[in-house]
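Working notes for the structure below.
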Amino acid sequence: MKKVVIVGAGLAGSYLAAHLPADCAVTLVTKKTRGDSNSMLAQGGIAVAVATGDSAAQHADDTLKAGKYHNNAAAVSQLVTTGPVLVKELLAQGMPFDKTSNGELAFGLEGAHSCHRILHAQGDQTGHALTQFVQGMIQNVEWKENTTVVDLLIANGECRGVMLRDAQGQLRPEYADFTVLATGGLGHLYPLTTNDATITGDGIALAQRNGVKLADMAYVQFHPTLLTKNGKCYGLITEAIRGAGAILVDENGTHIMQDFPQKDLAPRDVVTRQLKAWQQKGHQLFLDISAIKDFRKKFPGVSRNLDKHRINFEETALIPIKPGAHFCMGGIKTDLNAQTSLKRLFAIGEVACNGVHGANRLASNSLLDCLVSAHKAAATISTSAMKTDQTVAVKTQPAEPKIIPHLPEQTQLLEMAWKSIGVVRTKETLKEFLNWLARFNYQNLRPEQLSAQELSIANLCVCAELIANSALAQPRSLGANYIEGE
Ligand SMILES: Cc1cc2nc3c(=O)[nH]c(=O)nc-3n(C[C@H](O)[C@H](O)[C@H](O)COP(=O)(O)OP(=O)(O)OC[C@H]3O[C@@H](n4cnc5c(N)ncnc54)[C@H](O)[C@@H]3O)c2cc1C
């Protein structure tokens, strides 16, 4: 029996759990409940080239163009060719993607896609519908909810499982032949983010602490349209709304993206920088939805959220928005089979970087990447001839006196991150930020000695340092890594 530990119950982790063969004993560990992940929040949909007139080659072209050709072309090719096979399989299994009145699949449009190729489910609740559908396929898996992985267990240069803090707060080793990180990105490094509260860069930080290779950390995607009220984010306003005809305006009704060739559907980094520049001139930002008929019917989830936060959108046709952190293109470096630089350790979904997204992710490609990377990990693990033996001695570190953590206040860290490694960066602020981070001892702390709050701040500091160093190391601005003057 192969013992597999999967960390994270978003779409990537859940899809893998549903597709490992019966000779695997699978444990699925997740920080809160199976309902808490970014996957559950995905609104726009899943990009897949299956419509008449569309092709894998066109989807690949759009992905490479958005990624500024920094992508790994082989990973893009794998995404656009394997993706349609997996989506058709899900359809055959009964996944209820939305259809037109003729019973055909309904394809939506999003920024930087050359044609309508985004599948939705329950309107703007695709992530929820898809992740729940996939979780419904999982059988014979031991769920460990409300459980946080704090470190990897390493023996003889191989990953042999994880150290976790269980629901009662106890530290326990969980040994495994294969460990898969599916812990998502790092949105909570920034003060405004679309991400679920559990997404604090944990997988990236624990990989870094154990010398596992990372890649492309400079590239963080900021989404132009976060619903904001009184300086707080109350969720995402999906790009599909701009695909349906909404435009970005200021308090005077000026069309902010008027002078750009793709207007409101320009790549996210372009839109976000323009919005930031507008903000700096002292303007307020809105999404003008007056061109969309039947808004409530087309976007039921967004409408419910707007009602919940008392946004009077039906009367004004305006939704107050601001840009904020959304997605991490970089992460744990993997090959096309999701294998990391550490034997027996895999990474899938957003925490991984196989280069598919390049310097900027094409909208709605990440749910597809979750399926494809998890599919590849399942195939590799199930055919692996590596010895299975959970009794391999893992050296536990001798009990050491607790190192007193010296960490920044979370709000201070987030504000510094937004200023220094946000939408617009400069070489000077990047260097100043690294000097500021160097005052703290997050690199020397032992994760198992920290409280949940301390660990999440330490993990975010690790991610912040990785982003700043990676941004400084790039020879010029590219995609989401925009360095003023470079
Ligand atoms: C609001 C929003 C809308 C989006 N819309 C779209 C869209 O329309 N189309 C698209 O393609 N993409 C979209 N994205 C991006 C996409 O949803 C994510 O990239 C994708 O779902 C990531 O899936 P994942 O399985 O890799 O990680 P996640 O779904 O983020 O899951 C990570 C899991 O790991 C758990 N975890 C984290 N750390 C630990 C730890 N230390 N121990 C144990 N468990 C841990 C988390 O709790 C969570 O369960 C959106 C993202 C957001 C936030």
Side-chain angles (χ1 to χ4, degrees), residues 5-17 27-48 79 83 108 110 118-121 124-128 130-131 134-135 144-152 162-166 174 180-188 193-206 221 223 225-227 233-240 243 301-302 305 324-329 331-332 347-352 357 361-371 373-374 447 452 455-456 459:
V5 171
I6 304 170
V7 189
L11 184 61
S14 301
Y15 190 87
L16 175 61
T27 303
L28 184 40
V29 182
T30 199
K31 218 179 203 177
K32 269 176 91 185
T33 74
R34 62 196 76 187
D36 297 291
S37 66
N38 277 358
S39 299
M40 283 287 186
L41 302 175
Q43 297 177 350
I46 181 164
V48 64
L79 179 82
E110 285 195 30
I118 320 293
L119 288 179
H120 305 123
D124 53 9
Q125 294 159 83
T126 312
H128 189 266
L130 181 57
T131 310
V134 168
Q135 287 181 349
K144 284 191 193 292
E145 293 179 294
N146 298 305
T147 301
T148 300
V149 166
V150 300
D151 208 353
L152 300 176
V162 292
M163 181 62 79
L164 50 82
R165 197 183 293 280
D166 68 16
E174 182 76 26
V180 186
L181 296 176
T183 48
L186 47 72
H188 279 278
T193 179
T194 57
N195 285 198
D196 181 79
T198 60
I199 306 303
T200 51
D202 296 7
I204 290 168
L206 63 86
Q221 187 170 76
H223 198 288
T225 53
L226 275 54
L227 171 63
C233 171
Y234 294 101
L236 177 70
I237 303 294
T238 170
E239 192 160 322
V302 171
N305 193 34
H326 188 48
F327 183 82
C328 183
M329 273 72 76
I332 304 172
I348 57 175
E350 190 172 337
V351 73
H357 303 299
R361 176 188 67 124
L362 181 67
S364 286
N365 264 357
S366 35
L367 292 179
L368 194 65
D369 174 56
C370 286
L371 301 183
S373 58
L455 182 59
S456 103
N459 286 346

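When a ligand or atom number is given, it counts from 1 through the structure's own listing order.
- For atom 8 (O) of ligand 1, the closest heavy atom belonging to the protein is Gly44 N, 2.6 Å.
- Not one N or O of Thr148 is nearer than 3.5 Å to an N or O of ligand 1, by distance alone.
- Between Ala42 and ligand 1, a contact under 3.5 Å exists for no N or O pair.
- Residues that satisfy the side chain to side chain contact (heavy atoms under 4.5 Å, CB included) test with Ser456, not counting sequence neighbours, are Thr200.
- Of all protein heavy atoms, the one closest to atom 11 (O) of ligand 1 is Leu367 N, 2.8 Å.
- The option with the heavy atom closest to atom 9 (N) of ligand 1, from among Ala9, Ser366, Gly45, is Gly45.
- Only the side chain of Leu236 comes within contact range of ligand 1, with a heavy atom under 4.0 Å; no backbone atom does.
- Residue contacts with ligand 1 for Val7 involve side-chain atoms from C-beta outward but no N, CA, C or O (heavy atoms, distance under 4.0 Å).
- Taking atom 23 (O) of ligand 1 as the reference point, the nearest protein heavy-atom neighbour is Ser39 OG, 3.0 Å.
- With a 4.0 Å cut-off on non-hydrogen atoms, Thr147 touches ligand 1 through its backbone and not its side chain.
- Closest to atom 47 (O) of ligand 1 among all protein heavy atoms lies Thr198 OG1, 2.8 Å.
- Residue contacts with ligand 1 for Asn365 involve N, CA, C or O but no side-chain atom from C-beta outward (heavy atoms, distance under 4.0 Å).
- In terms of N/O distances under 3.5 Å, ligand 1 is approached by Ala12.
- Taking distance alone, with nitrogen or oxygen atoms compared against 3.5 Å, Asp196 stays at or beyond that limit from ligand 1.
- Proximity of Arg361 to ligand 1, defined as any heavy-atom pair under 4.0 Å, is confined to the side chain (atoms from C-beta onward).
- Taking His120 as the reference, nothing meets the ring pair (Phe, Tyr, Trp, His ring centres under 6.0 Å) condition, with sequence neighbours excluded.
- Proximity of Thr126 to ligand 1, defined as any heavy-atom pair under 4.0 Å, is not found for any part of the residue.
- For the pair Leu11 and ligand 1, the shortest N or O to N or O distance falls below 3.5 Å.
- Note: no N/O pair closer than 3.5 Å links His326 and ligand 1 by distance alone.
- At least one N/O-N/O distance between Glu350 and ligand 1 falls below 3.5 Å.
- Ligand 1 has no N or O atom lying under 3.5 Å from any N or O atom of Phe327, backbone or side chain.
- Protein heavy atom at the shortest distance from atom 32 (C) of ligand 1 is Ala182 O, 3.3 Å.
- Donor-acceptor pairing under 3.5 Å is lacking for the side chains of Arg34 and Gln135.
- Atom 42 (N) of ligand 1 has as its closest protein heavy atom Val149 N, 3.0 Å.
- In the model, Asp369 has no side-chain atom that pairs as donor or acceptor with a side-chain atom of Ser366 under 3.5 Å.
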